[in-house]
Visitor: 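Sharing a structure, written as structure tokens. Questions coming.
Naming: A, B, ... by sequence-line order, numbering from 1 per chain.
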Amino acid sequence: MLPGAKSAITLPLLFLIALLYLPTDLFAGKLHAADKFILVKPIVITAYYHPASSSPDGIESITIPLKRVGHLFLIEARIDDVVGNFVFDTGSSKLVLNKTYFRKYIAVDEENGGGMTGATDGVGRTSVRSLEVSGMKFSNLSADVTSLGHIENRRGVKILGLMGLSLLKQMEIVIDLNHNEIHLFRLDKKGNRMGAKGNRHFDLVQEVEEFQNILLVKAVIGGKSLDFCLDSGAESNVLSSYSSKSVMRTVTIIKRSDLVGVASGQADVLYGMMNDFSLGGRRFPTMKTIITSMDRMSKSYGRVIDGMLGYDFFCQGEICINLVRNEMGITFSKSTDK
Amino acid sequence: MIGMKCFRYIGYVFMLLVLPAITVVGQINPKDACRIEDGRLVFRLDLLWSSSQKREFVQLFDLDSTVMAGVYAGKTEIVSKGIVWKTKKLTIRIVELSKSLSSTPENSPLPGDVVMVDDEQAGYMIEAQRESSPYGVNKFTRYSVFQYIDGCARFYLPGHTDVNQVYISGTFNRWSTIQMPMQRSDSGWTIRLKLKPGKYLYKYILDGNWTSDPFNRLWGRDGYIEDNSVVYCYNYFFTLKGKTDAKAVYVTGSFNQWNRKELKMFKTRYGWALPLYLREGTHAYKFIVDGEYIPDPGNKVVRQDGSGNYNSIIGIGEPIFFTLKGYKNASKVIVSGNFNAWNQLELSMNRTPEGWRLPYVLAPGNYEYKFIVDGKWMTDPGNPFKTGHGEIENSILVVQPNYTFKLDQSTDAKSVIVSGSFNGWNKSGYKMAIVNHQWTFPVRLKPGKYTYKFVVDNKWILDPGNDLWEENEYGTGNSVLWIEP
């Protein structure tokens with residue numbers, strides 16, 4: 001544990017004790033299974049329930065230049081004294097650090113282990129004093145430490161970690177691939193950008209459900225309503241291979257690789273096109289997708305997750321996610337605005 | 001007769017109705033042949049596909065020859081690589097081929113996983129695969145925006161003084177968006193960078209917004225981004241004295257595949273000139289004066305190209321010296337290596353009082369070579385660094401090494417090899433040698449990530465002097481090395 005973390009725990013603990021005496025429905029829609037899991041980790045509390053310590057002083061918005069390597073979105077940040085690339089990953093619930101560079105950071109309580117997923121293989125926990133992105137500072141953050149070498153080796157770029165959703169609470173995230181920029185805006189309690197006037201116009205507005213620190217949106221394929229996880233860290237959209245007949249009828253399979261040599265023998269890796277994807281009542285142009293099982297994901301979250309919206313989705317236009325109002329606005333790129 | 005006519009008409013109508021249906025069924029495009037239905041992967045094949053259509057189908061869907069042979073042999077069940085395929089004949093020429101979907105748990109995403117696509121889908125090219133440019137000339141529309149003097153590059157972005165902060169980001173800093181802030185002046189933003197001669201891609205970042213250099217008309221692609229500005233830091237100046245009455249003079253050479261109309265020289269008071277960047281190494285060239293090829297009259301180094309032509313020769317970079325002590329009684333010593341495609345005649349060494357010597361210019365890199373002493377091949381006895389074994393053992397020459405592998409311990413070991421992603425994990429890879437009481441091996445590596453291990457007397461170990469390592473599939477770890485640009 002780093003200096004300062006201990007003292008930061010005391011206040012939040014008192015805060016938590018006070019919370020026990022409040023009516024539970026105050027938390028409706030806010031406190032989830034994963035939060036309960038996090039609550040047993042004191043270091044996490046400081047980042048999650050202590051906005052003052054994880055928010056920048058005085059900075060209401062930033063523009064982060066985005067780098068694209070393969071289909072990954074990279075942003076650069078300074079973590080304590082180390083500067084480097086992070087994957088901007090809304091599909092990750094929290095900050096994740098690459099073990100290759102942060103091995104010495106792993107806290108001694110590793111035996112309590114297990115990530116959010118319950119996986120115990122090599123996931124350590126730690127806290128970092130400060131994280132700075134384009135002038136916006138976060139302090140006393142909890143992080144998982146795990147090996148991300150496979151991402152580096154596939155993309156030939158140094159990755160310090162994944163920047164997940166826990167850092168972006170109370171914010172509006174704008175992902176603008178046309179200009180290769182990400183904008184972050186601090187929001188007031190009503191979900192308005194601080195210091196900004198007037199409402200923005202979007203081509204489409206869709207409700208977003210925050211569930212166990214991931215973002216879910218409802219989309220319609222082949223007349224069926226499906227739950228997709230909004231994941232900027234996914235290099236492709238993903239659609240469950242066990243979707244219903246009416247969904248699959250609208251999907252064209254364009255490529256298959258026979259992946260032999262995985263532990264259990266053989267696996268189909270399928271690439272396809274979603275020809276009938278609608279969101280917020282609006283039909284999207286054909287989008288690429290990987291078709292694979294979503295079983296493990298669904299089991300981990302205890303509910304059916306039909307797919308993921310990744311790189312191909314974010315290419316459709318400027319995607320704006322308001323994490324207070326829990327809604328997503330899309331302004332389509334001219335080329336996709338049909 | 002009327003009855004016959006009726007019959008004929010009915011026949012025509014029947015054919016008109018049926019023929020298009022047959023044609024449509026017969027026109028299956030290999031691209032549209034696959035679907036998923038009830039947990040099964042289903043293909044619809046046309047037995048009359050041409051061989052190129054068949055090839056396309058097999059490649060798109062990764063089907064093996066056993067399966068395809070089974071389909072054409074009319075089998076109803078085909079077993080290949082432990083997978084059971086079923087076939088069903090729909091028409092004379094259309095066959096449905098199917099198997100149950102297999103998605104292993106290992107292959108399906110977990111929460112927090114970063115889902116990655118294969119390189120082809122990601123349009124991805126790693127840095128090491130990028131062609132480094134052998135030459136280049138800048139195209140600035142305003143000359144004050146870039147200067148390069150004595151290894152120092154000065155970038156100047158005029159205007160934008162209302163912006164809070166401007167950064168420069170490029171291949172020289174691995175596209176870092178926060179490491180190189182520019183300095184504000186009254187008229188714009190400047191930065192001075194120490195850069196080696198070469199080609200660089202860059203952009204400015206104005207308060208977080210990526211911007212190409214507005215005064216640079218040379219753009220290059222890196223990954224997805226096509227409008228990166230391109231700049232060359234020059235290291236050579238072609239000059240031709242006189243010929244001032246010529247209309248046009250071009251320089252052409254091995255570096256630009258002898259392109260005749262690409263590199264136009266400009267007229268000076270005394271003749272013609274062209275500054276440019278040329279990759280380090282040895283280059284052959286000529287001038288073309290109003291269509292006539294001439295060697296450079298100001299350069300005495302001329303070599304025959306093998307077809308009777310004489311070209312001027314320049315070496316860019318510091319020459320290295322191949323030396324062989326002794327062998328004074330030999331009549332001829334040749335140096336031959338992968339840098340000259342193991343040519344056994346080209347590079348004849350010169351006799352010296354101590355033995356043999358040859359100066360030669362090579363671009364930075366790792367090369368293999370041998371000496372040929374009166375027809376007999378031998379490794380360089382003066383060079384401890386070698387690769388391979390037995391007859392295929394070659395000496396290794398490292399021009400301008402940018403990293404040296406070192407191992408302090410195991411100095412009593414019989415052999416220590418460094419093996420990694422840079423040499424294909426070759427176990428007879430780079431043989432380290434003891435220099436100053438430690439095992440060493442110098443290398444020249446392109447910028448990027450490398451994983452490696454030492455092999456000490458056939459035992460693989462992590463580099464004890466390197467804190468960076470990552471997990472590997474054997475659970476033993478690999479050391480990690482990053483070479484910065």
Side-chain angles (χ1 to χ4, degrees), chain A residues 62-65 67-71 76 83 87 89 92-93 100 115-117 122 134 147 149 151-156 158 179-181 233-236 238 241-242 245 248 252-260 262-268 271 290 292-297 300-301 308 310, chain B residues 31-32 34-39 41 60-64 81-83 101-119 121-124 126-128 167 169 174-179 205 207-210 223-225 421 448-449 451 467-471 480 482:
Chain A
I62 51 167
T63 299
I64 313 169
K67 296 185 272 190
R68 282 198 259 171
V69 177
H71 286 183
E76 219 165 317
V83 175
V87 177
D89 184 8
S92 176
S93 59
T100 305
M116 295 292 295
T117 61
S134 295
S147 176
I151 306 177
E152 291 188 332
N153 296 339
R154 298 245 339 228
R155 293 290 170 257
K158 198 172 193 170
H179 298 100
N180 288 304
E181 287 158 9
E235 282 205 305
S236 166
V238 178
S241 46
Y242 294 96
K245 214 173 196 175
M248 277 306 171
T252 320
I253 315 288
I254 54 167
K255 195 177 169 242
R256 166 184 176 264
S257 331
D258 190 356
L259 199 74
V260 186
V262 291
S264 41
Q266 187 266 350
D268 292 310
Y271 291 94
I290 286 178
T292 189
S293 160
M294 291 294 292
D295 282 4
R296 291 205 300 177
M297 190 93 142
S300 294
Y301 286 115
M308 298 155 92
Chain B
K31 287 190 181 76
D32 305 326
C34 181
R35 66 181 196 277
I36 292 174
E37 204 173 278
D38 300 329
L41 193 61
L60 280 176
F61 301 111
D62 204 5
L63 293 165
D64 62 67
K81 291 182 192 165
I83 305 163
L101 261 184
S102 40
S103 299
T104 55
E106 289 79 7
N107 202 33
S108 87
L110 266 172
D113 276 356
V114 172
V115 173
M116 296 185 80
V117 294
D118 62 35
D119 296 353
Q121 296 289 322
Y124 169 73
I126 61 167
E127 200 156 356
Y167 289 90
S169 172
R174 289 193 161 276
W175 293 103
S176 170
T177 57
I178 57 176
Q179 284 177 0
I205 304 169
D207 281 348
N209 301 290
W210 292 97
Y224 284 87
I225 314 301
S421 53
K449 181 184 178 180
T451 46
D467 284 342
L468 295 189
W469 61 273
E470 68 182 30
E471 278 71 12
V480 172
W482 279 95

Visitor: Using heavy-atom distances under 4.5 Å, tell me whether Ser134(A) contacts chain B through its side chain, its backbone, both, or neither.
Guide: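 Neither part.
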
Visitor: Using a cut-off of under 4.5 Å for heavy-atom pairs, which of Ile253(A), Asp295(A), Thr63(A) has the most such pairs with chain B?
Guide: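 The answer is Ile253(A).
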
Visitor: Provide the closest heavy-atom pair for Pro109(B) versus Val115(B) in the form atom of the first, atom of the second, distance.
Guide: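 Between these two residues, the closest heavy atoms are CB-CG2, 4.0 Å.
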
Visitor: Listed by chain and number, what are the salt bridge (Lys or Arg N to Asp or Glu O under 4.0 Å) partners of Asp467(B), not counting sequence neighbours?
Guide: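 Here the qualifying residues are Lys104(A).
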
Visitor: Within the 4.5 Å heavy-atom criterion, are Glu181(A) and Pro65(A) side-chain neighbours or not?
Guide: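 With C-beta onward as the side chain, the pair stays apart.
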
Visitor: Is the backbone of Asn180(A) close enough, under 3.5 Å, to the side chain of Trp210(B) for a donor and an acceptor to pair up by distance?
Guide: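 The answer is yes, because a donor-acceptor pair under 3.5 Å joins these two groups.
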
Visitor: Taking every non-hydrogen pair under 4.5 Å, which of Gly82(B), Gly39(B), Ser176(B), Ser421(B) racks up the most with chain A?
Guide: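 Highest number of heavy-atom pairs under 4.5 Å: Ser176(B).
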
Visitor: Would you mind checking which part of Trp469(B) comes under 4.5 Å of any heavy atom in chain A, side chain (CB onward), backbone (N, CA, C, O), both or neither?
Guide: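 Both backbone and side chain.
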
Visitor: Output all residues satisfying side chain to side chain contact (heavy atoms under 4.5 Å, CB included) with Thr100(A), sequence neighbours left out; order by chain, then residue number.
Guide: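 Partners of Thr100(A) by the side chain to side chain contact (heavy atoms under 4.5 Å, CB included) criterion, ordered by chain and then number, come out as Asn98(A), Leu468(B), Glu470(B), Val480(B).
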
Visitor: Does any backbone or side-chain atom of Lys245(A) lie under 4.5 Å from a heavy atom of chain B? Answer side chain, backbone, both or neither.
Guide: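 It is the side chain, since no backbone atom gets that close.
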
Visitor: Are Tyr271(A) and Ile290(A) close enough that some pair of their side-chain heavy atoms sits under 4.5 Å apart?
Guide: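 Tyr271(A) vs Ile290(A): side chains touch.
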
Visitor: Side chain, backbone, both or neither: which part of Asp89(A) has a heavy atom under 4.5 Å from chain B?
Guide: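 For Asp89(A), the side chain is the part near chain B, not the backbone.
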
Visitor: Do Met297(A) and Met308(A) touch side chain to side chain, with heavy atoms closer than 4.5 Å?
Guide: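 Touching, per the 4.5 Å side-chain cut-off.
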
Visitor: What part of Lys31(B) gets within 4.5 angstrom of chain A, counting heavy atoms only: side chain, backbone, both, or neither?
Guide: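 Only the backbone of Lys31(B) comes within 4.5 Å of chain A.
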
Visitor: Measuring heavy-atom distances to chain A, does Ile205(B) have an atom under 4.5 Å in its side chain, in its backbone, in both, or in neither?
Guide: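 For Ile205(B), side-chain heavy atoms alone lie under 4.5 Å from chain A.
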
Visitor: Write down the atom of Arg256(A), the atom of Phe61(B), and the distance for their closest heavy-atom approach.
Guide: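 Scanning both residues, the minimum pair turns out to be NH1-O, 2.8 Å.
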
Visitor: At a heavy-atom separation under 4.5 Å, does Ser169(B) approach chain A through its side chain, its backbone, both, or neither?
Guide: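 No part of it gets close to chain A.
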
Visitor: Kindly give the heavy-atom pair with the smallest separation between Lys67(A) and Arg174(B), and that separation in Å.
Guide: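 Shortest heavy-atom separation between Lys67(A) and Arg174(B) comes out as NZ-O, 4.1 Å.
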
Visitor: Tell me, side chain or backbone of Ile151(A) under 4.5 Å from chain B's heavy atoms, or both, or neither?
Guide: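 The answer is both parts of Ile151(A).
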
Visitor: Quick one: what part of Val87(A) sits under 4.5 Å from any heavy atom of chain B, side chain, backbone, both or neither?
Guide: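 Interface part for Val87(A): neither.
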
Visitor: Is Asp207(B) in contact with chain A via its backbone, its side chain, both, or neither, using a 4.5 Å heavy-atom distance?
Guide: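 Just its backbone gets close to chain A.
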
Visitor: Please classify the contact of Glu37(B) with chain A as side chain, backbone, both or neither, using a heavy-atom distance under 4.5 Å.
Guide: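 When you check distances to chain A, only side chain atoms of Glu37(B) fall under 4.5 Å.
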
